[in-house]
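Below, all heavy atoms of this structure are taken into account, side chains as well, without hydrogens, waters or symmetry copies.
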Amino acid sequence: MKVTKDDLDNVAVLSRLTIPSEEAPQYIEQLDKFLTYVDNLAQVDTEEVRPTTYALPIQNVFRDDVVKPSLDREAALSNAPLKEDGYFKVPKVLED
Amino acid sequence: MKYEAVIGLEIHCELKTKTKIFCGCATGFGADQNTHVCPVCLGLPGVLPTINKRVVEFAIKAGLATNCEINKYSKFDRKNYYYPDLPKNWQTSQYDLPIAIHGWVDIDTEDGRKRIRLTRIHMEEDAGKLVHSGTNIKNSLTSNVDYNRTGVPLLEIVSEPDLRSAEEARTYMEKIKTIMQYIDVSNCRMEEGNLRADVNVSLRPVGSETLGTRTEMKNINSFKGLEDAINYEVERQREVLEDGGHIVQETRTWDPERGMTLSMRSKENAHDYRYMPEPDLPPIVTTDEQIAKYRDELPELPDARRERLEKDYGLSDYDAGIITGSRASAEYFDAVVAAGADAKLAANWMMGDLAKNLNAENLTIEQSPVDAKRLGAMIGLISKGTISSKIAKKVFKEMWTCPDDPEKIVKDKGLVQITDTSAIEGIVDEVIAANEKAVNDYKGGNKKAIGALVGQVMKKTRGKANPQMVNKLLAQKLNG
């Protein structure tokens, strides 16, 4: 695998991470090693194998449409860093 | 160059389940902020979501009602994106194995019936609501979030880009609304956001088969907004292309107050949803027997009902289309006919005076002060000759504000049609004596002059005389 600086930047944006430029080469090297290792899987012949969509042998786990008590609002908001009038308060959503 | 618009819709339809899709929180609209929330829908760590059985049932029914194929092996996936209305930072949705695929619905266009293909229908959770501190999302320094709506079950109904105009898009969305109401899976209240559309619009030169670059407008929640947004966007793109520019693929927001679309997201490269199978939700496996059972439970659908009204009652395609346009209206019609009314008269009254009065007072047919039974009884009075069609309009007006039976109203107001020949004869004689000119005109060969005389008789009887009888009597006397 060849991980580029662009790949790293893109992953950083998607993960909401700030990566100092002096640390970038280190992360590129680590990502590259990791992906090369995973790439070993490509050697296995999977022609006849159906993609796994779920790891356990279970299906159709449902609940009935019956209302259960919700959380008390104070409890729901108790971990919020910012709150206002019973709302979760968040900083500016869209950048200019 | 002449361009044609290519339009596709993703309609989000909130299902009318009692509880959310993955937890037991209530779905009711209008509750105090953040009172319908729990650890599951708030996305707290360590919780385990469980699929609401009704959601799967409703989704399969919606698929069957729109001629889809049901995927007997279906699963949920995580769609990752960062937005504060989504507490988990992913939306639990369906990616490559949606519950229903490859359907279609027919719509009426100016050029006749047109088939619109559905790509897929999938199940997903709704997001929360943001209340912005400023006047819009861009100038707000902070926003407040209400997670009551988070996890309310949605169907996303995706069409192929088969629509060619704002009007077709509207007709298509109305058709989807009608079908969802018929099968009773959604309240379809636009004002409560039960039905919202994301619209994809692109232009291409007429005759070209290649699709142009498209823009997407999200969360349009009214039919008027849909038409306005599409018309605006088609015009905007046409101008860009005619000036030699190119369309940027982007998400735009429709501002109904300013009547224009605005660019919304700057970082398009961050738009990478990284779908992955949802590890917390086992797959949904549906058997042919279950699908057959759901199919049996479906009510008569709009197209079939429309055909029945045309075939059984001889209604025109247009009238039948309007009457079956909503389930409530179709049921009202059936009830009017069941009350003994002639079907064609029933259709005329529903599309005439009833529709006019409902529109004037902004009422739905369910809220009509004249219910189907009373309208049926009144139409029965016309057919029996107790009242004339003209008097019926007066009776209907009375019925609108008075809950009495039409028979009682006709009697109390003295509106019974005069069919007694001798009573009419006297008045006819009076009118002939008083209208020498019209009489002479008639006798001189102007047969149309009789109209004025009929009018005089009707006026003197305050509309209660039977007009056919008046005509006959007048003709007899004048020719005699």
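Contacts between B:Ile21 and chain A at a heavy-atom distance below 4.5 Å involve the backbone alone (N, CA, C, O). In this structure, no portion of B:Val40 lies under 4.5 Å from any heavy atom of chain A. Heavy atoms of B:Val131 lying under 4.5 Å from chain A belong exclusively to its side chain. Both the backbone and the side chain of A:Ala76 come within contact range of chain B, with heavy atoms under 4.5 Å apart. For a residue to count as touching a neighbouring chain, one of its non-hydrogen atoms must lie under 4.5 Å from one of that chain's; by this rule B:Leu97 touches chain A with the side chain only. Both the backbone and the side chain of A:Val61 come within contact range of chain B, with heavy atoms under 4.5 Å apart. Interface remark: B:Pro87 contributes no atoms to any contact with chain A (heavy atom separation under 4.5 Å).
Under the 4.5 Å side-chain criterion, counting only non-hydrogen atoms from C-beta, B:Thr19 is not in contact with A:Lys68.
At distances below 3.5 Å, at least one donor-acceptor pair connects side-chain atoms of A:Arg63 with backbone N or O atoms of B:Cys23. When atom types are taken as modelled, the side chain of B:Asn34 and the backbone of A:Arg73 share no donor-acceptor pair closer than 3.5 angstrom. Put simply, the side chain of A:Gln59 never gets that close to the backbone of B:Thr286: no donor and acceptor are under 3.5 Å apart.
Using modelled atom types, one finds no donor on one side chain facing an acceptor on the other under 3.5 Å when comparing A:Asp65 with B:Thr17. Residues A:Tyr87 and B:Ser143 have side chains that never bring a donor and an acceptor to within less than 3.5 angstrom of each other.
Per-residue counts of heavy-atom pairs under 4.5 Å with chain A were compared for B:Pro277, B:Pro283, B:Cys25; the largest is that of B:Pro283. Of the listed residues B:Val37, B:Asp146, B:Leu141, the one with more heavy-atom pairs under 4.5 angstrom with chain A than any other is B:Val37. With chain A as partner, the option from B:Thr142, B:Val285, B:Asp32 having the largest number of non-hydrogen pairs under 4.5 angstrom is B:Val285.
At most 12 non-hydrogen atoms from other residues, nucleotides or ligands lie less than 6.0 angstrom from CG of A:Asn79. Counted within 6.0 Å of NZ on B:Lys18, heavy atoms from surrounding residues, nucleotides or ligands total 12 or fewer; the atom is thus considered open. In this structure, B:Lys53 places its NZ atom where only 12 or fewer heavy-atom neighbours from other residues, nucleotides or ligands lie under 6.0 Å away. When the shell of 6.0 Å around OH of B:Tyr82 is examined, it contains more than 12 heavy atoms from other residues, nucleotides or ligands. Counting heavy-atom neighbours within 6.0 Å of B:Tyr95 OH, excluding the residue itself, gives a total of 12 or less.
Minimum heavy-atom separation, B:Pro279 to A:Tyr54: O-CE1, 3.2 Å.
Here the straight-line distance linking atom OG1 of A:Thr53 with atom OH of B:Tyr73 works out to 2.5 Å at 0.5 Å rounding. Between B:Gln33 atom CD and A:Glu84 atom CD the span is 10.5 Å, to the nearest 0.5 Å. From A:Ser70, atom OG reaches atom OH of B:Tyr147 across 15.5 Å, with rounding to the nearest 0.5 Å. Atoms CG and CG, on A:Leu71 and B:Leu44 in that order, are 7.0 Å from each other to the nearest 0.5 Å. Note that the CG atom of A:Asp64 and the CZ atom of B:Arg54 stand 10.0 Å from one another [nearest 0.5 Å]. One distance of note links CG of B:Asn89 with CZ of A:Arg16; it measures 8.0 Å at 0.5 Å rounding.
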task: Kindly indicate, with the supporting measurements, whether the criterion side-chain contact (heavy atoms from CB on, under 4.5 Å) is fulfilled by B:Leu42 and A:Phe88.
output: CA-CA 11 Å; B:Leu42 286 174; A:Phe88 293 84; 4.1 Å; yes
field: Trace of the side-chain contact (heavy atoms from CB on, under 4.5 Å) decision for A:Phe62 with B:Ile284
entry: CA-CA 9 Å; A:Phe62 299 126; B:Ile284 298 157; 4.0 Å; yes
